[in-house]
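What you see below is based on every heavy atom in this structure, not just the backbone, and it leaves out hydrogens, waters and symmetry mates. Computed from a prediction, not measured in an experiment: that's the story for all the values here. We name chains A, B, ... by the order of the sequence lines, and we start the count at 1 in each one.
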2 protein chains.
Amino acid sequence: MDQQRFTLDSHLCFSLYACSRAIFRMYRPLLDELNLTYPQYLVLLVLWDRQESSIKELSQVLSLDSGTLTPMLKRMEASGLLERSRSLEDERIVTVRITEKGLELQDRASCIPASLVESSGLDINQIDMLNETIRTLMSSVDNYR
Amino acid sequence: MDQQRFTLDSHLCFSLYACSRAIFRMYRPLLDELNLTYPQYLVLLVLWDRQESSIKELSQVLSLDSGTLTPMLKRMEASGLLERSRSLEDERIVTVRITEKGLELQDRASCIPASLVESSGLDINQIDMLNETIRTLMSSVDNYR
DNA sequence: TGCAATTATGTTGCTCGAAATATAAAATGC
DNA sequence: GCATTTTATATTTCGAGCAACATAATTGCA
């Protein structure tokens, strides 16, 4: 393996990490208007789709553990976006349900994806193809686990 | 824009974010043996390449700001991997220089890239191509700034 | 039945990551 | 030469992200 392989720029992991943060920065001004952080926006994407979810399901879908989700969901509950309640059938399970206030944000957020696609300068098909490639890479990486 | 565009899986930003963290998890057991975190490893990649750097240069190369770098570099100095010193010509500038101990880690880390390429299940050319694609995307995103 | 193993969530402690602000040194302009 | 602006770094504060551990409910099996 050549020496060049040890530079920062040759590391795919660094590109992914830096690009991910660059995209966070693009989202921020848009999400600031909704008083959301980026991970909170991801939680809402899930809840807008299915109205409610257990913490375990959220954890699997977002690949975040309870140490991250529990305090984050508490903050979101405090700001009225969702409600948490213990399941009656199985008291270990906490169900998270979106509130009216949380649903209202969906309309205000509806312009975000298109707006960011445009800012990226990429064609929507390029984006979808890249997305598929990354998802494939991630499944290999996750299988390795 | 169709409704499907608002699912989590359709978001390239989420794939990048989740994939980046999945790769962090792959690095962790290898970096644990060197007592390094992933961002610290990135700093060392730069310093292994150029021996010394100002904080400003590190900040630009890694796209991390002083609020992240200053405490991180202090921890790395405390563990003996590098030294920080004010420039004599311009006392605003802090130069970070790798130590002997920091250089020694380079040998012990030399197997990491190949090891991770193998675990990814991807061909090295696929990885380089994907890297180029991501870097192109990031430059568009960063131009937008 | 009863007890060990598993499961779902919560807590603690540490490290990023970044916005906002502070501080001190250097550059600039009059 | 001195005030203003710019530059480089540091500090504060908050929100993730995650490992390690704790806790309580459920399951499974002898």
Side-chain angles (χ1 to χ4, degrees), chain A residues 13-14 17-29 31-44 53-79 81 84-96 145, chain B residues 13-14 17-29 31-32 35-43 53-79 81 84-96 142 145:
Chain A
C13 56
F14 173 67
Y17 162 71
C19 189
S20 179
R21 284 184 294 117
I23 294 181
F24 274 40
R25 284 195 291 272
M26 281 179 79
Y27 269 94
R28 181 176 288 269
L31 293 179
D32 273 352
E33 293 181 32
L34 309 181
N35 278 303
L36 290 176
T37 66
Y38 181 75
Q40 289 174 5
Y41 172 70
L42 295 181
V43 168
L44 287 183
S53 166
S54 69
I55 291 187
K56 181 187 171 169
E57 282 168 342
L58 275 180
S59 165
Q60 289 171 335
V61 173
L62 299 169
S63 67
L64 291 170
D65 74 359
S66 69
T68 302
L69 283 173
T70 296
M72 190 169 104
L73 294 173
K74 281 185 180 175
R75 281 188 290 270
M76 294 177 77
E77 184 175 42
S79 56
L81 301 175
R84 300 181 315 137
S85 57
R86 290 270 166 193
S87 160
L88 296 181
E89 304 91 65
D90 184 340
E91 294 201 0
R92 290 172 303 180
I93 299 178
V94 171
T95 302
V96 170
R145 242 175 149 177
Chain B
C13 55
F14 173 66
Y17 161 72
C19 190
S20 179
R21 285 184 294 117
I23 295 180
F24 274 39
R25 285 194 291 271
M26 281 180 81
Y27 270 93
R28 181 174 288 267
L31 293 179
D32 274 351
N35 278 305
L36 291 176
T37 66
Y38 181 74
Q40 289 174 4
Y41 172 70
L42 295 179
V43 168
S53 166
S54 68
I55 289 187
K56 181 188 172 167
E57 283 168 341
L58 274 181
S59 165
Q60 289 171 334
V61 172
L62 300 169
S63 66
L64 291 170
D65 74 359
S66 68
T68 302
L69 283 174
T70 297
M72 190 169 104
L73 294 173
K74 281 185 179 175
R75 282 188 289 269
M76 292 177 77
E77 184 175 43
S79 56
L81 301 174
R84 299 181 315 136
S85 57
R86 291 268 165 194
S87 160
L88 296 180
E89 305 91 65
D90 185 339
E91 295 202 358
R92 294 172 300 180
I93 299 178
V94 170
T95 301
V96 171
D142 259 4
R145 240 175 150 177

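Taking 4.0 angstrom as the limit, Arg28(A) places a side-chain polar atom (N or O) nearer than this to OP1 or OP2 of dA19(C). Residue Arg21(B) places no side-chain N or O under 4.0 Å from the OP1 or OP2 atom of dG17(D). At the phosphate of dA18(C), OP1 or OP2 sits under 4.0 Å from a side-chain N or O atom of Arg25(A). Put simply, Arg86(B) has no side-chain N or O that comes within less than 4.0 Å of OP1 or OP2 on dT9(D). Note on Tyr17(B): a side-chain N or O is less than 4.0 Å away from OP1 or OP2 of dG17(D). Applying the 4.0 Å criterion to OP1 and OP2 of dA16(D), one finds that Thr37(A) has a side-chain N or O inside that range. OP1 or OP2 of dT11(C) has at least one side-chain nitrogen or oxygen of Lys74(A) nearer than 4.0 Å. For dG17(C), the OP1/OP2 oxygens have no side-chain nitrogen or oxygen of Thr68(B) closer than 4.0 Å.
From Leu42(B), atom CG reaches atom CG of Leu58(B) across 10.5 Å, with rounding to the nearest 0.5 Å. In this structure, the separation between CD on Gln60(A) and OG on Ser54(A) is 7.5 Å, given to the nearest 0.5 Å. Annotation: the span from Ile55(B) atom CD1 to Leu62(B) atom CG amounts to 11.5 Å, rounded to 0.5 Å. Note that CG of Asp32(B) and OG1 of Thr37(B) are 10.0 Å apart. Values are rounded to the nearest 0.5 Å. The distance from the CD atom of Gln40(A) to the OG atom of Ser79(A) is 6.5 Å, given to the nearest 0.5 Å.
You'll find that the side chain of Gln40(B) is closest to dC16(C), out of dC16(C), dA25(D), dT11(C). Of the candidates dG17(C), dG10(C), dA16(D), dG17(C) carries the atom nearest the Pro39(B) side chain, counting heavy atoms from C-beta on.
dC16(C) atom P lies 12 Å from atom CG of Leu31(B), rounded to whole Å. The nearest whole Å value for the distance from the CG atom in Asp32(B) to the C1' atom in dT15(C) is 13 Å. Distance CG (Leu73(A)) to C1' (dT9(C)): 11 Å, rounded to an integer number of Å. Residue Asp65(B) contributes atom CG, which lies 15 Å from atom C1' of dT7(D) at whole-angstrom precision. Per the geometry, CZ belonging to Arg92(B) stands 16 Å off P belonging to dT5(D), to the nearest Å. For the pair Lys56(B) NZ and dT6(D) P, the computed distance is 14 Å after rounding to whole Å. Counting to the nearest Å, the C1' atom of dT13(D) and the CZ atom of Arg75(A) are 13 Å from each other. Rounding to whole angstrom units, OH of residue Tyr38(B) and P of dC18(D) are separated by 14 Å.
Contact annotation for Leu69(B): no contact, since no heavy-atom pair falls under 4.0 Å across all strands. Backbone-only contact: Glu89(B) has heavy atoms under 4.0 Å from sugar-phosphate atoms and none from a base. Counting any heavy atom pair closer than 4.0 Å across all strands shown, Asp90(B) reaches sugar-phosphate atoms only and no base atom.
Between the side chain of Ser66(A) and the base of dG10(C) there is at least one donor-acceptor pair of N/O atoms closer than 3.5 Å.
Nearer the 5' end of DNA chain C, as judged by each residue's closest nucleotide, is the contact made by Ile93(A), out of Met72(B) and Ile93(A).
Ring geometry for Tyr38(B) versus Tyr17(A): interplanar angle over 60°, hence perpendicular rather than tilted (30 to 60°).
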